[in-house]
Amino acid sequence: MPTGYTRRPMADEKAITRKSEDFDRWYTDVVRRAELADYAPVRGCMVIRPYGYALWERIQRALDDMIKRTGHENMYFPLLIPESFLQKEAEHVEGFAPEVAWVTHGGQRELEERLAIRPTSETIICSMFAEWIHSYRDLPVLINQWANIVRWEKRTRLFLRTTEFLWQEGHTFHETRAEAEEEVDRMLDCYRELAEEWLCLPVIPGRKTDAEKFAGAEYTLAIEAMMSDGWALQAGTSHFLGQNFTRAYGISFTDRDNAQQHPYQTSWGLSTRIIGGVIMGHGDDAGLVLPPRVAPVQAVVVPVVRSGDPEGTAAVDETCRRIESAAGEVRLRVDRRDGIRPGEKYAHWELRGVPLRITVGARDLATGRVTVTRRVDGESWTEPADGVAARLPELLEEAHRRTRARADRTLGERSVEARTLDDLRRAFAERPVFANVPFCERRACEETITGAAHALTIRVLRRDRSGEPGRCIACGEPASEVAVVARAY
RNA sequence: CGGGGCGUGGCGCAGCUGGUAGCGCGCUUGCUUUGGGAGCAAGAGGUCCCCGGUUCGAAUCCGGGCGCCCCGACCA
């Protein structure tokens, strides 16, 4: 157990740290108290608990459907990668070298060649497809795998950066540059759709600067989400690899003109980190706030009964049963735990972010009604007891809209335009924001910008900019891009 | 990898001018409660991170390990 983790004594021992008091501690409190995950015995590793894993499975399903719909097939490559494979693409090795974990022994015997535990799978995938791709008729190759990844991180945080994490990595090979570039865009848009339509997280799509791109890529696209403290989270990346790897790994095909060519390649990934984004994007002082479409439990029914009131109790039981059986596709749970008072049940499910709560008690039932409470904004009202189950899909949609609207508002309120470095400094002196700044793409200017205030980074070069960017905030030369400057997780 | 902090029942901590371990929460059982984290009663649970040293005696003092957390440079 983490021993330096000390909770300040507070009025209510059972409450989590307030978000405004200490955001980082609030985050850890939520993850652990909502039973999403816990620290494992090995440094930087975590156990994803059933509730957290159920959330991941929901996200997985939504994304997997999109991946299949766009024509990809799942397959699986091995965890262990020979060192020599990793070394074929120079920039790639260099980029990943500091964080690769190595297997050096099999049983008692030392291996002749060290094996890397995959930090990503481009190398092994290329080495296999070098054997399978011969003709333009073999292209495009559109594959994906769901896998675990190990990267030896110096500093870890539950979900956001763990030594081992889960993700999907898509890998594709194409005849032409244009086709591959379309693929990079298409998959980034899937990530955008996942974030916005499923997770209620508005994101800014764009291109990474050369300093921030994937090791070995020609360019990297990413979606950046804003957490409720104004910090940025890279939530998904899509890389155009050009022919960098296919050349290095000797993948070639005979094209339509009977000439030998190297295919153009892409890769794209989204990891369990996104769960951290959901937590930090929507959570509040009571705990998690889950987007309804991925919430493992979408509605919870809390019965409230009084002892010495057998008729009332029977009516409550009966109503709970009816709601339960009429819930249909809605993921609904009745909290029948005995000996726990309603107040504690409320707190329990609020901490876990369940979007809707239905309180079934004798008081409301006297008029044939139940009370519904919406997690995201705490609003509460009554519904007819015998109609509430049928209304749930609609109520969940409303909860979805409100969750999304609130996140949109945060992003809007915390986005600023900066024309000068002084603007930039002033903005960040107040609070963390997304600052849109004109940028000329020169490395020196990037350093000037990120050095303007503490811990600034260029998140993405916006792809949705309109009009001419103006003059570079750092050097005053004509700018080619609008950069989003923010502090990032 | 640099700086700091901390290792004591499941969790959070106290005990650290050496004398054989305590509090809160949680857990178990029973009764009473139940519309915002319940009350009473009884109970279970500890190689005080590890190794060595000092001492009649070490959770406490000394040395050495290991681990974890937090803050900075690198990263999905």
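Convention: sequence-line order gives letters A, B, ...; per-chain numbering from 1. Keep in mind that what you see is a predicted model, and the values were worked out from it rather than measured. Just so it is clear, the values below take in all heavy atoms, side chains as well, and ignore hydrogens, waters and symmetry mates.
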Exercise for the section: Verify whether the ring centers belonging to Phe214(A) and His92(A) lie closer than 6.0 Å. Expected result: yes
Problem - Spacing of Arg375(A) atom CZ relative to rG36(B) atom P, expressed in whole Å - result: 17 Å
Handout entry: Nearest-neighbour nucleotide for the Arg33(A) side chain, rU34(B), rG36(B), rG37(B) considered
Key = rG37(B)
Problem - Nearest-angstrom distance from the residue atom CG of Asp22(A) to P of rC70(B) - result: 10 Å
Handout entry: Heavy-atom donor-acceptor pair, Asp284(A) side chain to Gly287(A) backbone, under 3.5 Å
Key = yes
Problem - Paired nucleotide for rG26(B) [Watson-Crick or G-U wobble; both distances under 3.5 Å] - result: none
Practice task
May I ask you to list the residues of residues 231-239 of chain A, by number, that have any heavy atom positioned under 4.0 Å from an atom of RNA chain B?
Solution key: Gln234(A)
Exercise for the section: Answer with base, sugar-phosphate or nothing: what part of the nucleic acid does Thr156(A) contact at a heavy-atom distance below 4.0 Å? Expected result: nothing
Exercise for the section: Go through rU34(B), rG72(B), rA76(B) for me and flag the one nearest to the Arg151(A) side chain. Expected result: rA76(B)
Practice task
Would you check if the distance from the ring center of Phe173(A) to the ring center of Tyr264(A) is below 6.0 Å?
Solution key: no
Completion exercise
Met46(A) CE to rC69(B) C1', in whole Å, measures 17 Å
Problem - Minimum-distance nucleotide (side-chain atoms of Thr371(A) versus rA76(B), rG35(B), rU34(B)) - result: rG35(B)
Problem - Side chain of Pro342(A) - closest among rA76(B), rU33(B), rG35(B) - result: rG35(B)
Practice task
Report the nucleotide, chosen from rG72(B), rG35(B), rA76(B), that has the shortest atom-to-atom distance to any side-chain atom of His454(A).
Solution key: rG72(B)
Practice task
Could you tell me the separation between the CH2 atom of Trp349(A) and the C1' atom of rG37(B), rounded to a whole number of Å?
Solution key: 15 Å
Practice task
State which of rG36(B), rC71(B), rU34(B) makes the closest approach to the side chain of Ala347(A).
Solution key: rG36(B)
Fill in the blank from the handout: Between Ala455(A) and Phe165(A), the residue closer to the 5' end of RNA chain B by nearest nucleotide is Ala455(A)
Handout entry: Separation between CZ of Arg192(A) and CD1 of Ile223(A), rounded to the nearest 0.5 Å
Key = 9.0 Å
Practice task
Give the rounded distance in Å between these two atoms: CZ of Arg487(A) and P of rG72(B).
Solution key: 10 Å
Problem - Interatomic distance where CZ belongs to Phe23(A) and C1' belongs to rC71(B) [whole Å] - result: 18 Å
Practice task
Heavy atoms only: give me the nearest Gly216(A)-Glu89(A) pair and the separation to one decimal.
Solution key: CA-OE1, 3.8 Å
Problem - Proximity to the side chain of Arg273(A) - top-ranked nucleotide from rG35(B), rG36(B), rA76(B) - result: rA76(B)
Practice task
In whole angstrom, give the distance that lies between atom CD of Glu35(A) and atom P of rG26(B).
Solution key: 15 Å
Exercise for the section: Quick one: label Asp24(A) by what it contacts on the DNA or RNA (base, sugar-phosphate, nothing), any heavy atom closer than 4.0 Å. Expected result: sugar-phosphate
Fill in the blank from the handout: Out of rA38(B), rG35(B), rU34(B), minimum distance to the side chain of Glu344(A) belongs to rA38(B)
Handout entry: Ser267(A) versus His239(A), side-chain donor and acceptor atoms under 3.5 Å
Key = no
Exercise for the section: Kindly point out which of rG35(B), rU34(B), rA76(B) is positioned nearest to the side chain of Tyr346(A)? Expected result: rG35(B)
Practice task
Look at the side chain of Glu350(A) against the base of rG37(B) and say whether a donor-acceptor pair falls under 3.5 Å; ignore hydrogens and angles.
Solution key: no
Practice task
Please determine if Arg402(A) and Glu379(A) form a salt bridge, counting it only when a charged side-chain N lies under 4.0 Å from a carboxylate O.
Solution key: yes
Practice task
Could you tell me whether Gly269(A) contacts a base, only the sugar-phosphate backbone, or nothing, with contacts defined as non-hydrogen atoms closer than 4.0 Å?
Solution key: nothing
Practice task
Could you check how far CZ of Arg357(A) sits from P of rG36(B), rounded to whole Å?
Solution key: 10 Å
Problem - Side chain Arg352(A), main chain Leu290(A), donor-acceptor under 3.5 Å - result: no
Practice task
Report yes if at least one side-chain N or O of Arg341(A) is closer than 4.0 Å to OP1 or OP2 of rU33(B); otherwise report no.
Solution key: no
Problem - Any side-chain donor near an acceptor of the partner, Ser228(A) and Thr410(A), under 3.5 Å - result: no
Exercise for the section: Determine if Trp167(A) stacks with rA76(B); use a centre-to-centre distance below 5.5 Å and an interplanar angle below 30° as the criteria. Expected result: no
